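Throughout, a chain's letter reflects where its sequence line sits, starting with A, and its residues are numbered from 1. Since the model is a prediction, treat every value here as computed from it, not as a measurement.
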Number of protein chains: 2
Amino acid sequence: MPTTTTKALVPLPIGKGALTRQAILLEAMDLASVSGLEGLTIGSLAEATRLSKSGLFAHFGSKEELQLATVQAARTVFQEQVFIPALKAPRGLKRLCAVLAAWLDYAEREMFRGGCFFASVSVEFDSRPGPVKDLVAATMSVWRDSLTRLVGEAKEAGELSRSADPEQLAFEFVALALGANGAFQLHRDHRSFTMARRAIKERLKVFATPGTRFPPL
Amino acid sequence: MPTTTTKALVPLPIGKGALTRQAILLEAMDLASVSGLEGLTIGSLAEATRLSKSGLFAHFGSKEELQLATVQAARTVFQEQVFIPALKAPRGLKRLCAVLAAWLDYAEREMFRGGCFFASVSVEFDSRPGPVKDLVAATMSVWRDSLTRLVGEAKEAGELSRSADPEQLAFEFVALALGANGAFQLHRDHRSFTMARRAIKERLKVFATPGTRFPPL
DNA sequence: CCTACCGATCGGTAGG
DNA sequence: CCTACCGATCGGTAGG
């Protein structure tokens, strides 16, 4: 179960037609999480925001620019909801677990109607070369590298054994988080998240040094 | 690295315009693995098979029927390439590992241009209710249930400890296989598969009973 | 930010 | 399996 229930991170100042770019992008992220960034058409987004097609279009200039702006916006949302809050936890295993817990909560909370934005979009664009794929791939790399670094810091703190491989564990944690999100979206079974949490916990326990206390997940 | 390199499972009898339904579906699976089942348009498939749009259309009757037929065809391909060959291995841990190895090899071999068909399509349709999603979800369930059963058989054979949870491990293995496929498609880094194999091995070793010999992965 | 419009392509049909 | 066609929607533009 999610430990937080925050949903609106933007106050949504919809002043009768005077839509801010942020509000448009919030709608764009929601639509794209369901229909993908290709299925996110100018027409559907215009209808959802109650702008004219060309009025909406003028904000971005091309569909690709709209896609890039949407990915950037989703990147900011994820960063704010998952990484920033977890940085309050002290460096080491506690911070690593805080990020992993926030990640799983974020996915389970269904910030967007189609679940995790990047789970959908990274698969949609993995075979479509271009600027959008490049931005998505770079974003996924940044997050995996962050996890790698957090595992390394838990090693430096002496909480994880020197035999723990940060890259290996980061790969596994990303796979488990995405796997939980995917299975949940497909089957609507919350046990997916329970199983991902358990897998991560058991995996970390293999490398935990004697006497290390375990933060909740 | 893949242990097999079989690619053509159908002899492709393209007799100048006299395309068989199988050859059409092979092309459909390939296109869908790249552009998704929505991006698989009647026009693009007609062009790829060098049929007229309406000639192609007549084979299926509607786009949804084309999508369903394509999913069914991909299901058969996966079953033939992953599960059937692995059934030659003796029941127990050997058979479980044979299936997992075949699964990862299948993804790494890139049977279709966009990689694993179901990795793409299961994410594409997880938020689109309807017959196509239902078929995709049922297919993924069947395979996960098969893995669950194979873990159970390895327990019955005394090769895995009674503390091993078949559902839990099946969830993890599916997540790792899909995660490896996704990371490979996004970054074209074969180490994704190395890491998935290592994760599965280490996870199985936790539950292996003393004296159990490990099949290669 | 709007109305009005463009050529191309979408899924699908008529008729053979 | 084809040609010829349908209304709807696509991304995008002109002009204001």
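When atom types are taken as modelled, the side chain of K155(B) and the backbone of A164(B) share a donor-acceptor pair closer than 3.5 angstrom. A donor-acceptor pair under 3.5 Å is formed between the side chain of D30(B) and the backbone N or O of R113(B).
Here the C1' atom of nucleotide dG12(D) and the NZ atom of K63(A) are 12 Å apart, to the nearest Å. Summarising the geometry, the separation between CD1 on I42(B) and C1' on dC1(D) is reported as 15 Å, rounded to the nearest angstrom. dG11(D) atom P lies 13 Å from atom CD of E47(A), rounded to whole Å. Taking atom CG of residue L51(B) and atom C1' of nucleotide dG11(C), one finds them 17 Å apart after rounding to whole Å. If you measure from atom CG of L31(B) to atom P of dC10(C), you get 12 Å, rounded to the nearest angstrom. Straight-line distance from the CZ atom of F57(A) to the P atom of dC10(D): 13 Å, rounded to whole Å. In this structure, the CD atom of E65(B) is 14 Å from the C1' atom of dG12(C), given to the nearest Å. Remark: P of dC10(D) and CD of E64(A) are 19 Å apart, rounded to the nearest angstrom.
Within 4.0 Å of S52(A), counting heavy atoms only, lies at least one base atom of the nucleic acid.
For the pair R109(B) and Y106(B), the cation does not sit on the ring face, since its NZ or CZ is not both under 6.0 Å from the ring centre and inside 45° of the axis. A cation-pi arrangement is absent between R191(A) and F193(A), since the terminal nitrogen or guanidinium carbon is not both under 6.0 Å from the aromatic centre and inside a 45° cone about the axis.
Here dA14(C) sits opposite dT3(D) as a Watson-Crick or G-U wobble pair (both hydrogen-bonding atom distances under 3.5 Å).
A donor N or O paired with an acceptor N or O is found under 3.5 Å between the base of dT3(C) and the side-chain atoms of S54(A).
Between G43(A) and G61(A), the residue anchored closer to the 5' end of DNA chain D is G43(A), taking for each the nucleotide with the nearest heavy atom.
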